[in-house]
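Written below as structure tokens is the structure these notes are about.
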There are 2 protein chains.
Amino acid sequence: MADSYHHGNLRQALIDAGIKIINENGEENLSLRKVAAACDVSHAAPYAHFKDKEELIEAIKANVTDRFMDKLLKAIEGKPTADAAIIAMGRAYVTFFSKNPDYFVFLFGKQNITAHLKMNKEYKGDYPPFLLLRRMYLLHLEENGLEKTVEEQEIELIKIWSIVHGMASIACMKGVKSSFNWNDIDERLLT
Amino acid sequence: MADSYHHGNLRQALIDAGIKIINENGEENLSLRKVAAACDVSHAAPYAHFKDKEELIEAIKANVTDRFMDKLLKAIEGKPTADAAIIAMGRAYVTFFSKNPDYFVFLFGKQNITAHLKMNKEYKGDYPPFLLLRRMYLLHLEENGLEKTVEEQEIELIKIWSIVHGMASIACMKGVKSSFNWNDIDERLLT
DNA sequence: GGTACAATCTTGACAATGTAAAGATACTAG
DNA sequence: CTAGTATCTTTACATTGTCAAGATTGTACC
């Protein structure tokens, strides 16, 4: 691989550079030209790998979501019951965004989680964290011998997700000063 | 008021034009120059009323938040108990953003609710919808003769707000297709 | 090996945008 | 009526996303 003209793996380099910029300078400072410059490449080079800026951003989102899923999976690892796993997952959910408010804004700021899901076929159109939650929830029903209609299940799932996602959202609000310690969620908060 | 040079009430006109653009073309199409053009004014005219684009946006946010508060206040109007008022408020909260997803993104997209609060001194640094919720919650404790520590109160308040705000957030996600009818929230969802 | 083709990257250009500086116009206090 | 202030225009510039034309490199095929 000649280092001179062809970069080698510019696509991934652009994604990494994008994440770095978001981490260090916030999303508002992410521009195609800066990402390109960070990779020592001309300002139009990204167009060989991404249709437009949106497509690069979606690729970055998919990357961040993968890291997010890693945290969630690691959190439920080895938990004895589904209940414990759900609690741990909720904790990890809020903690992840509490530590990285920029990621929350970046992932959900435009409220459009579909696009970067379509890229990862593996996800089959459903939001991975939600799929994981549903799996744990069904396990919870099984473990406790509970029977619920599909509608009841959906309502409870939405409720759990709403609490956790809402807490993450509120925790990320710069204006909300609360004595609440988001990194150590009280169990009374989770069901 | 001479119509030729001085506009008369350009400040409010810019805010109104900004809201109109967001409604019709989405937030991504809101630019200072377009707002100025919509008011038949040169592209630098807004700088006589706003320090920068951010300040105009904050003014618009304050305006939208006022409308939001109107809906919430109208929702709890005439409710017999605090419990009923809280349910009604939650419903109105989700309904408002379910009908106007663009507003949700606009208000919370950058997760910064402080700035436009500082402009409305009246709010005294707390988020108005949250203040209203707290008032209703304290009324609820009083009506039912309940005693809670401040910490317990805070946790319950955050929990209620998280559910409602989280539901609004999820309802606004374009990717989430759910059989759930956000405009007619099931009571099982609210406490 | 050499040649056509595709992938990748560069250069140059353009329009939209935020913003600053300098000046024109209208309003207002004295 | 005059000086000053608020408001608005004009001009200018840097940043940005995007496109088009061309240069460079890798690859498939003979």
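Small disclaimer: the values here were computed from a predicted structure and weren't measured. We name chains A, B, ... by the order of the sequence lines, and we start the count at 1 in each one.
The distance between atom NE2 of B:His49 and atom C1' of D:dT7, rounded to the nearest whole Å, is 6 Å. If you measure from atom CG of A:Asn25 to atom P of D:dT15, you get 15 Å, rounded to the nearest angstrom. Rounding to whole angstrom units, NZ of residue B:Lys53 and P of D:dT16 are separated by 14 Å. Atom CD in A:Glu54 sits about 12 Å away from atom C1' in D:dG17, given to the nearest Å. What separates CZ of B:Phe50 from C1' of C:dA20 is a distance of 18 Å, to the nearest Å. We find that CG of B:Leu30 is positioned 8 Å from P of C:dG18, with the value rounded to whole Å. The distance from atom CG of B:Asp52 to atom P of D:dT15 is 18 Å, rounded to the nearest whole Å. Atom C1' of nucleotide C:dT17 and atom CD1 of B:Ile21 are separated by 13 Å, given to the nearest angstrom.
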Restricting to nitrogen or oxygen on both sides, can you table the protein-nucleotides 11-16 of chain C pairs closer than 3.5 Å?
from: C:dG12; atom 1: O6; to: A:His43; atom 2: NE2; distance (Å): 2.6

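The backbone N or O of A:Thr81 lies less than 3.5 Å from no partner atom in the side chain of A:Glu143, so there is not a single donor-acceptor pair.
Closest to the A:Leu10 side chain, of the nucleotides C:dG18, C:dC9, D:dT18, is C:dC9.
In this view, A:His140 and A:Tyr137 satisfy the ring-ring contact (aromatic ring centres under 6.0 Å, His included) rule, not counting sequence neighbours. In this structure A:Asn23 satisfies the side chain to side chain contact (heavy atoms under 4.5 Å, CB included) test together with A:Ile19, A:Tyr103, sequence neighbours excluded. Listed by chain and number, the residues in a side chain to side chain contact (heavy atoms under 4.5 Å, CB included) with A:Arg134 are A:Asp126, A:Phe130, A:Leu131, A:Leu138, A:Leu157 (sequence neighbours excluded). Considering only residues two or more places apart in sequence or on other chains, B:Lys148 meets the salt bridge (Lys or Arg N to Asp or Glu O under 4.0 Å) condition with B:Glu156.
Linking ILVMFWY residues whenever their side-chain heavy atoms come closer than 4.5 Å, directly or via other members, leaves A:Val150 and A:Leu146 in distinct clusters. Linking ILVMFWY residues whenever their side-chain heavy atoms come closer than 4.5 Å, directly or via other members, leaves A:Met89 and A:Leu139 in distinct clusters.
A 6.0 Å sphere centred on NZ of A:Lys79 holds more than 12 heavy atoms belonging to other residues, nucleotides or ligands.
Comparing the axis of the opening five pairs of the helix from C:dG1-D:dC30 to C:dG30-D:dC1 with that of the closing five pairs yields an angle of 10°, rounded to 10°.
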Query raised in the report: Do B:His165 and B:Phe104 pass the ring pair (Phe, Tyr, Trp, His ring centres under 6.0 Å) test, and can you show the C-alpha distance, the side-chain angles, and the key distance before you say yes or no?
Result: CA-CA 10 Å; B:His165 186 78; B:Phe104 191 89; 5.2 Å; yes
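Position along DNA chain D of the nearest nucleotide to A:Lys51 versus A:Asn29 favours A:Asn29 as the more 5'-ward residue.
At the phosphate of D:dT18, OP1 or OP2 sits under 4.0 Å from a side-chain N or O atom of A:Tyr47.
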